[in-house]
Protein chains: 2
Amino acid sequence: MRALPYERRRELPLTKPPVPPEKPATRPQVRDARTTKSRILAAAKKEFAKKGLGGARVDEIAEKAQANKRMIYHYFGSKEALFQAVLEEAYVDIRSAEQKLDLDGLEPKAALERLVRFTWDYYLKNPEFITLVNSENLHRAKHLKKSEIVKVYSRRFVAMVSAILDRGVAAGVFRADIDPVQLNITIAAIGYYYLTNRFTGSIVFETDLMAKEALEQRLNFNIDTVLRLVLRP
Amino acid sequence: MRALPYERRRELPLTKPPVPPEKPATRPQVRDARTTKSRILAAAKKEFAKKGLGGARVDEIAEKAQANKRMIYHYFGSKEALFQAVLEEAYVDIRSAEQKLDLDGLEPKAALERLVRFTWDYYLKNPEFITLVNSENLHRAKHLKKSEIVKVYSRRFVAMVSAILDRGVAAGVFRADIDPVQLNITIAAIGYYYLTNRFTGSIVFETDLMAKEALEQRLNFNIDTVLRLVLRP
DNA sequence: ACAATAAGTAACCGTATAGTTAAACCACCC
DNA sequence: GGGTGGTTTAACTATACGGTTACTTATTGT
């Protein structure tokens with residue numbers, strides 16, 4: 001039930017407001033579509049990562065982006081579409097970083113170790129990635145399903161690990177019956193689980209899982225786990 | 001600012017409402033504190049698991065529990081306190097089930113395999129546990145921190161796995177330098193990650209991770225991973 | 001038998017939420 | 001130098017939210 005005419009609103013400031021009290025001072029550029037859009041995306045990433053899709057507030061994203069809320073709807077259409085954009089960017093970022101590792105230029109064993117190390121470091125330095133993925137899985141991946149670009153990048157990623165595995169088998173250093181998908185999942189799992197559950201984990205195991213030595217110990221343990229799994233006895 | 005006197009409300013039905021249209025018919029017992037409370041707890045578990053703490057709605061929990069919303073506040077005090085009760089119960093449940101495995105009565109290797117198998121099966125059959133833990137970690141474990149009972153159960157759990165490890169080392173079948181905490185985390189990780197990320201994972205790897213054969217393959221892979229990690233070469 | 005108490009209800013409150021509206025602003029082209 | 005069209009704004013809407021109030025009804029101890 002739309003009740004009141006909209007004209008009424010603009011009647012109010014008959015006398016102009018005394019003085020535009022002071023400009024927010026931050027955000028030097030005016031009228032820059034590109035940077036506004038990317039400020040929104042960055043703020044949204046932070047908020048969605050911290051509170052999840054359901055917990056994040058559009059108003060707060062707008063405020064942190066130093067943009068008007070209307071801009072979010074202008075550039076992205078809806079809260080969910082914004083979430084999808086954030087998620088897509090997060091996936092493209094990690095997959096791109098993986099491609100830059102130049103694993104083809106390394107011995108199979110060294111390449112594998114490097115991948116385990118990279119995965120761990122990436123999760124550690126980009127904790128938003130983990131939280132975003134968790135949130136997306138809570139929603140049964142309905143946003144990722146729509147993303148064609150993520151599928152393209154994923155394919156390249158799986159191929160990359162398969163190639164290492166093949167080279168290792170050919171060189172006689174890796175076992176022949178390792179499934180690349182299972183290996184990929186395991187490499188991610190042993191880092192991801194530790195970090196995403198670092199809060200409950202620290203309570204259950206009565207130790208600070210984020211202490212420097214604890215993190216080092218975990219990385220070494222993970223490398224050991226993967227190599228024992230893959231290397232020929 | 002509480003404005004209106006509450007009397008006004010009861011004035012309204014001067015003529016009694018024609019007929020109490022019909023009782024909801026479900027919920028046979030009247031005035032049973034215990035079952036009402038547990039219905040609320042069960043409904044809350046489902047809702048929190050499906051939507052997370054932020055996404056779950058108190059009204060909906062009340063409705064699904066066939067209870068009045070006021071009862072939730074009567075028995076639990078607040079939405080967060082309700083969440084804490086749900087979480088506590090979930091942890092006590094899994095830790096209790098683990099204690100019933102009678103791992104002390106098995107050979108070390110068999111005990112370890114049984115634990116990996118149990119962990120996997122438990123996650124598979126109780127997917128709410130995973131989602132609740134994820135939600136709690138999004139909130140930096142602020143609810144679990146307050147739970148003394150969970151700490152007691154956790155200690156017993158770690159001790160149980162340490163005992164297996166010790167027996168295995170004494171029997172000469174396990175490597176001596178395995179950290180029980182790292183092992184615990186890894187056993188959980190390789191199952192947990194696969195299942196919590198089954199939606200995004202099915203897209204990234206372009207395969208149905210929840211297909212029967214896929215699940216079997218994963219369990220076998222996980223047992224293999226743990227045994228290769230722990231067994232003496 | 002009955003008062004005290006525990007269990008239960010529906011209507012309500014103040015606030016916050018995602019999303020919308022009409023208008024103003026500004027850079028650029030002609 | 002005035003239109004044109006993308007960019008930005010504050011004010012607004014309908015609804016949903018967690019939590020509370022005033023009040024009713026069943027159960028229980030004496």
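By convention in this document, chain letters (A, B, ...) are assigned in the order of the sequence lines, proteins followed by strands, and residues within each chain are numbered from 1. From a predicted model like this one, the values you see are computed outputs, not experimental measurements.
- Distances shown here put every side-chain N or O of A/Asn68 at or beyond 4.0 Å from the OP1 or OP2 atom of D/dT7.
- Here B/Arg57 reaches the OP1 or OP2 of D/dG18: one of its side-chain N or O atoms lies under 4.0 Å away.
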Under 3.5 Å donor-acceptor pairs involving side-chain atoms of residues 41-50 of chain A, not counting sequence neighbours:
residue : atom : partner : partner atom : Å
A/Glu47 : OE1  : A/Lys51 : NZ           : 3.3
A/Glu47 : OE2  : A/Lys64 : NZ           : 3.2

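- The side chain of A/Tyr73 places no N or O atom within less than 4.0 Å of a non-bridging phosphate oxygen (OP1 or OP2) of C/dT21.
- At whole-Å resolution of the value, NZ in A/Lys37 and P in D/dG6 are 14 Å apart.
- Side-chain nitrogen and oxygen atoms of A/Thr36 include at least one within less than 4.0 Å of the OP1 or OP2 phosphate oxygen of D/dT8.
- Listed by first and then second residue, the salt bridge (Lys or Arg N to Asp or Glu O under 4.0 Å) pairs that reach into residues 194-203 of chain B come to none, sequence neighbours excluded.
- In this structure, A/Lys142 forms no cation-pi arrangement with B/Phe199, as its terminal cationic atom is not both closer than 6.0 Å to the ring centre and no more than 45° off the ring axis.
- For B/Glu63 and D/dG18, the CD to C1' distance is 16 Å, given to the nearest whole Å.
- Atom-to-atom, OH of A/Tyr75 to C1' of C/dT20 comes out at 18 Å; the value is rounded to the nearest Å.
- Look at CG on A/Asp59: it is 16 Å from P on D/dC12, rounded to the nearest Å.
- In this structure, CD1 of B/Ile40 is placed 8 Å from P of C/dG8, rounded to the nearest angstrom.
- Distances were taken from every side-chain heavy atom of B/Met71 (C-beta onward) to each of D/dG18, C/dG19, C/dT9; the shortest belongs to C/dT9.
- Nearest heavy-atom pair across B/Thr200 and A/Ala141 is N-CB, 3.8 Å.
- One can place CD of B/Glu80 at 14 Å from C1' of D/dC17, the figure rounded to the nearest angstrom.
- One can place CD1 of B/Ile61 at 11 Å from P of D/dG19, the figure rounded to the nearest angstrom.
- Residue contacts shown for B/Ala62 are absent, as no nucleic acid heavy atom lies under 4.0 Å away.
- Residue-to-nucleotide contacts include no donor-acceptor pair under 3.5 Å from the side chain of A/Arg70 to the base of C/dT20.
- For the OP1/OP2 pair of D/dT7 and a distance below 4.0 Å, the side-chain nitrogens and oxygens of A/His74 include at least one atom meeting the criterion.
- Side-chain atoms of A/Arg218 and A/Trp120, non-hydrogen and from C-beta on, do get closer than 4.5 Å to each other.
- One interatomic measurement links the two molecules: CD of A/Glu47 to C1' of C/dA18, which rounds to 15 Å at whole-angstrom precision.
- B/Lys69 contributes a side-chain N or O that forms a donor-acceptor pair with the base of D/dG18 under 3.5 Å.
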